[in-house]
Amino acid sequence: MTHRLGANQYGKAETRVVRIVRDTPVHEIHDLNVSTALRGDFAAAHTTGDQSRVLPTDTQKNTAFAYAKLHGVSSIEDYALALGRRLLEACPAAEQAQIKVERYAWDRIGDHSFARRGGGVRTAVATVGRDEAHVLSGIQELVLLNTTDSEFKGFLVDELTTLPEADDRILATSLVARWRHGSTDVDWNASYDAALATLLRTFAGTYSRALQETLHAMGGALLDAQPGLAEVRFSAPNKHHFLVDFSGFRVDGLTNEGEVFVAADRPYGLIEAQVLRDDAPPAGDAWLAVAGFC
Ligand SMILES: O=c1[nH]c(=O)c2[nH]c(=O)[nH]c2[nH]1
């Protein structure tokens, strides 16, 4: 034998669960993308093809739908914890269930009518073991832009550096942020609303000498505002906006003083950082297989 089975997990990815609450004439919508994964002793399924310990991914998908009704979706964190606990109960070989949920936001335009909101997808990851559980809340595709109060200068210069120093530039990103709670006894929706408000206020109010400094300020503000949070991680593409050079245009008096930019698609700087509370409780497996961060 020259090889052995290493880390493994399995589950159903991206089940699109739409739960309508229609107990009153004013309906609610929970529009979710749910991914489940089980970890534990599933070696036989890989090495001998024995499926007797395997709760099918099809059943995991069905459980995601059933729990949208049986448990409800008061918050995506609470739903993820309940779903994780149920999957551990249903599958004795599993030691851990990890549930990832994305929630697409809809704005109400009537009692039973909604318009899909762009950007800013709320996220949750619950990693549920037999003795402990961890929850990450977050947001992705949060597109932010400051038209001033951003510079980038004083950087290292070598023979291949061509970037001019910038005193006044556009700072823009499509932010992914996830923050880890120190416990599971949390008012999830209130915490999320406060976290988003803090992130937005800090982005808008911070003079930036680099996207790195802005992320650090946002993380610090989040941890200061919510003692129950242990850490926050960011992944932030620097969405470059380059000033269009008007100098070759033969139009009298046409100048471009920070007014017309080209928004570049690729490449982009990718700035990633964690900010941790000094006495943060251990993360355990909270971040295991959560892609997209350093
Ligand atoms: O905010 C920035 N951070 C960098 O590390 C960097 N590098 C670069 O070319 N532009 C920027 N901007």
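Since we're looking at a predicted model, the values are computed, not measured. Each ligand, and each atom within it, is numbered from 1 in the order the structure gives. One is the number of the first residue; the rest follow in order along the sequence.
- A salt bridge between R122 and E77 is present, with a side-chain N of the basic residue lying under 4.0 Å from a carboxylate O of the acidic one.
- Each salt bridge (charged side-chain N to carboxylate O under 4.0 Å, His left out) pair with one or both residues in residues 223-248, not counting sequence neighbours, appears once here: R180-E231, E231-R233.
- Around NE2 of H46, the count of heavy atoms belonging to other residues, nucleotides or ligands within 6.0 Å exceeds 12.
- By the 4.5 Å heavy-atom criterion applied to side chains, N8 and L5 are counted as neighbours.
- For Y268, the OH atom sits in a loose shell: 12 or fewer heavy atoms of surrounding residues, nucleotides or ligands are nearer than 6.0 Å.
- Ring geometry, W179 versus Y192: the interplanar angle falls under 30°, so the pair is classed parallel (tilted spans 30 to 60°).
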If you look at each N/O of ligand 1, which protein N/O atoms lie under 3.5 Å away, and at what distance?
residue	atom	partner	partner atom	Å
ligand 1	1 (O)	R169	NH2	2.8
ligand 1	1 (O)	L211	N	2.7
ligand 1	3 (N)	Q212	OE1	2.8
ligand 1	5 (O)	Q212	NE2	3.0
ligand 1	12 (N)	R169	NH1	3.1
ligand 1	12 (N)	N238	ND2	3.2

